[in-house]
Structures are given as structure tokens and as C-alpha cells.
**Q** 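Just passing along the structure, written as C-alpha cells.
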Amino acid sequence: MAKIQTIGVLTSGGDAPGMNAAIRAVTRAGICNGFTIKGIYRGWEGLINGDIKTFTTEDVSGIINQGGTILKTARSDEFRTYEGREKAYETMQREGIDALVVIGGNGTLSGAKEFAEEFDVCCVGLPGTIDNDLYGTDSTIGYDTTMNTIMECVDRIRDTAQSHERIFFVEVMGRDAGFLAQNSAIACGAEAAIIPEEETDADQLAEFMKRGIRKSKKSCIVIVSESPKCGAMYYADRVKKEFPGYDVRVSILGHLQRGGRPTARDRILASCTGVGAIEAIKQGQRNIMVGYRMGDVVYVPFSEAIRTDKYLDRRLITVLNELSI
Ligand code: F6P
């Protein structure tokens with residue numbers, strides 16, 4: 001295998017707070033270890049189109065505290081095609097990029113896996129998504145910040161819910177995963193969470209209403225995971241029809257959950273996994289995601305990281321149920 005001298009770094013998919021800290025870590029650790037680092041703009045699109053700049057340590061100064069990504073991001077349809085990936089490979093050859101560090105979520109790492117296998121390219125992934133839906137890491141970069149943002153918003157919603165004695169359905173992001181909903185519900189003292197992991201098993205709304213909006217509670221907060229069919233609006237409409245008498249409101253938090261200054265936890269996670277990515281490349285590792293488990297940097301094969309069944313600890317459901325009586 002040819003010696004790796006130049007490493008490209010990109011962010012792809014939904015931005016997440018802490019991505020900048022990760023770009024900074026990869027750049028600085030890379031330069032520290034004698035590599036040339038090239039920043040690739042707009043994710044896979046930038047690799048296809050050659051939207052690339054050689055980074056110095058100054059290029060990543062003053063960004064650790066910023067949300068979003070200085071490299072920009074995109075969801076590339078062209079990279080989903082073989083022809084798109086071929087163009088990306090040709091750019092790598094033209095630019096002399098020997099390895100890639102890709103920062104993103106499930107879709108990004110799935111793309112990296114396919115690309116790495118097809119063209120025999122060294123790819124290392126960092127878990128960058130607010131959804132926390134990657135396997136083999138305790139948390140993903142951006143998840144903690146988003147949890148705190150949701151908590152702040154729901155604390156405010158609680159004030160008005162209590163004043164007006166209303167039921168609020170608050171919709172949060174997470175794509176197909178309920179981590180944001182379940183854990184923010186615990187952190188906010190919400191009365192219930194409606195999550196995709198439980199969708200097939202039960203009518204979560206009926207169970208919640210049956211369990212009882214406690215008599216002495218005149219207001220309550222239900223956190224609902226986003227869903228094309230049964231998001232917060234769906235449940236609010238059902239309550240209006242099936243349980244008349246309650247004053248119901250909906251609040252969809254939307255993209256404000258993705259912005260903002262990363263928390264200390266996300267900055268540290270991004271910094272440690274970023275340094276871990278350079279270490280992995282030095283060791284000759286490839287096609288792995290760098291995760292963080294119980295205080296240790298770990299290397300997780302892409303095939304494992306992108307499993308779609310990351311386990312939501314069911315004890316969290318008990319915690320919420322028992323504490324919301
Ligand atoms: O994957 C991150 C995420 O924020 C999901 O939680 C959400 O479903 C999706 O991205 C929204 O994507 P977009 O910004 O493209 O609408």
C-alpha cells in the first residue's frame with residue numbers, strides 16, 4: 001500500500017454542532033503528524049467537483065466554538081451513482097489525496113463504505129450527527145448540544161403550558177431514531193415520549209392517555225419524534241377528536257435544534273475522535289468509524305457503525321414512565 005501523505009477532510013449530510021471542532025482536530029493533528037490536509041467543500045459534491053483547499057493550522061483557528069461547518073455540507077445525489085463516485089475518485093487522484101476523513105451520519109458513512117470498497121480508498125469516518133444513530137459509539141458529535149437546545153426550548157414551553165393548563169406536543173428531530181425524543185423527555189421532566197422504536201408495538205398515545213394525565217396535573221408535555229405520518233400534529237389532532245376537553249397545542253422545534261455553539265462534551269468528543277482518526281490512518285486502519293466508548297477512542301468497522309438497529313436502552317422508557325406519574 002502506498003504511503004499516505006495527503007488527507008482530505010469533508011463534512012456531509014445534516015450539519016451538527018461540533019463538526020468544526022472535528023475539522024480543527026483532524027487538520028491540526030494531521031499537520032502535527034506530518035500530513036498535508038486538504039479541506040473539501042460541500043461534502044461529496046466538493047470531491048466530485050474539485051472544490052478543495054489546502055489547510056494550514058490558521059484555517060481552523062477560532063472555529064471550535066462555532067456551530068455548523070466551515071466546510072459547508074450537502075446531500076449529494078450524484079455521489080449516489082457509480083459515475084459520481086468515479087468522478088470523486090478521479091479528483092482524489094488529481095489532487096494527490098491518499099485518504100479521506102469523512103464527518104457525518106449514517107448516510108455519509110454508508111456512502112464512504114461503498115466508495116472505499118469500490119475504489120480501494122482509505123476512508124475513516126467520524127460520527128457527526130445530532131441523531132445519535134450510529135452504532136459503536138456512546139454518542140455522536142452534535143447530539144449533546146442538540147439535547148441541551150431541546151431542553152432549553154422545552155423549559156420555556158413548560159412555562160406557557162403551565163400558565164394555560166395545556167397539553168403540548170413538542171416535535172423533535174432524529175430521523176428514524178428516538179434518542180433525542182426519549183432522552184430529552186427525561187431531561188425536561190416531560191410526561192411522555194412518542195418514539196419510532198415503539199411505533200409498531202403499541203398505540204403510544206392511547207397508552208399515555210390511559211395511564212392517565214395525572215388528575216392533579218393540568219398541563220403536560222409530550223415529546224414526539226419527527227415522522228412523516230405521525231408527528232406532533234397527528235397526535236394533537238387525535239387528542240382533539242378522541243379526548244375532547246383538553247386544550248392542545250403543537251410546537252415543532254425544527255432546524256433550530258441543529259444550530260448553536262457546541263457544548264463542552266461535543267467539542268471534546270470531536271477533538272478526541274479527530275485526533276483518533278489521524279492515529280488510525282497512521283496505524284494503517286481503513287474503512288472504520290472512530291467512536292468513543294466509556295472514555296476510550298474505539299475503531300468500529302463501517303459495516304457495524306451503520307447498522308440500522310442502534311439499541312435504545314429500554315430502561316430509559318421505564319425511567320420516564322416512573323418519573324412522570
Ligand atoms: O440527520 C440529521 C437531521 O437533522 C435529521 O434529524 C432530520 O430528519 C434531517 O436531518 C433533516 O434534514 P434536512 O435539513 O435536509 O431537512
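For ligands, and for the atoms within them, numbers begin at 1 and follow the listed sequence. For reference, positions follow the sequence shown, starting with 1.
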**Q** Looking only at side-chain N and O atoms, does Glu58 offer a donor or acceptor that is under 3.5 Å from a partner on Thr56?
**A**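 A pair is found: one side chain offers a donor N or O, the other an acceptor, under 3.5 Å apart.
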
**Q** Hey, what's the ring geometry for Phe79 with Trp44, parallel, tilted or perpendicular (30° and 60° as the breaks)?
**A**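 Phe79 vs Trp44 ring planes: parallel.
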
**Q** For atom 9 (C) of ligand 1, what is the closest protein heavy atom, and at what distance to 0.1 Å?
**A**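 Protein heavy atom at minimum distance: Arg175 NH2, 3.6 Å.
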
**Q** In terms of residue, atom name and distance, what is the protein heavy atom nearest to atom 2 (C) of ligand 1?
**A**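 Of the protein heavy atoms, Asp131 OD2, 3.4 Å lies nearest.
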
**Q** Could you identify the single nearest non-hydrogen protein atom to atom 16 (O) of ligand 1 and state the distance to 0.1 Å?
**A**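 Going by distance alone, atom 16 (O) of ligand 1 is nearest to His255 NE2, 3.4 Å.
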
**Q** Using a heavy-atom cut-off of under 4.0 Å, does the side chain or the backbone of Arg75 touch ligand 1, or both, or neither?
**A**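 For Arg75, the contact with ligand 1 is made by the side chain alone.
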
**Q** Atom 4 (O) of ligand 1: which protein heavy atom is closest, and how many Å away?
**A**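 The closest heavy atom on the protein side is Arg258 NH1, 2.8 Å.
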
**Q** Is a side-chain donor-acceptor pair under 3.5 Å present for Ser61 with Arg28?
**A**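 On atom types as modelled, these side chains qualify, holding a pair under 3.5 Å.
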
**Q** For ligand 1, which atoms sit closer than 4.0 Å to a heavy atom of Gly174?
**A**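 Under 4.0 Å from Gly174, ligand 1 has these atoms: 6 (O).
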
**Q** Who pairs with Arg80 by salt bridge (charged side-chain N to carboxylate O under 4.0 Å, His left out), at least two apart in sequence or on another chain?
**A**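 If we apply the salt bridge (charged side-chain N to carboxylate O under 4.0 Å, His left out) test to Arg80, skipping adjacent residues, the hits are Asp77.
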
**Q** Are Ile4 and Ile52 linked, directly or through intermediate hydrophobic residues, by side-chain heavy-atom contacts shorter than 4.5 Å (ILVMFWY only)?
**A**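 Each belongs to a different hydrophobic cluster.
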
**Q** Within the 4.0 Å heavy-atom shell around Ile130, which atoms of ligand 1 are there?
**A**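 Reading through ligand 1 atom by atom, the close ones are 4 (O).
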
**Q** Against heavy atoms of Glu226, which atoms of ligand 1 measure under 4.0 Å?
**A**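 Result: 5 (C), 6 (O), 7 (C), 8 (O).
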
**Q** Among side-chain atoms of Asn321 and Thr318, is any donor-acceptor pair under 3.5 angstrom?
**A**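 There is no such pair (donor and acceptor under 3.5 Å, judged by atom type) between the side chains of Asn321 and Thr318.
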
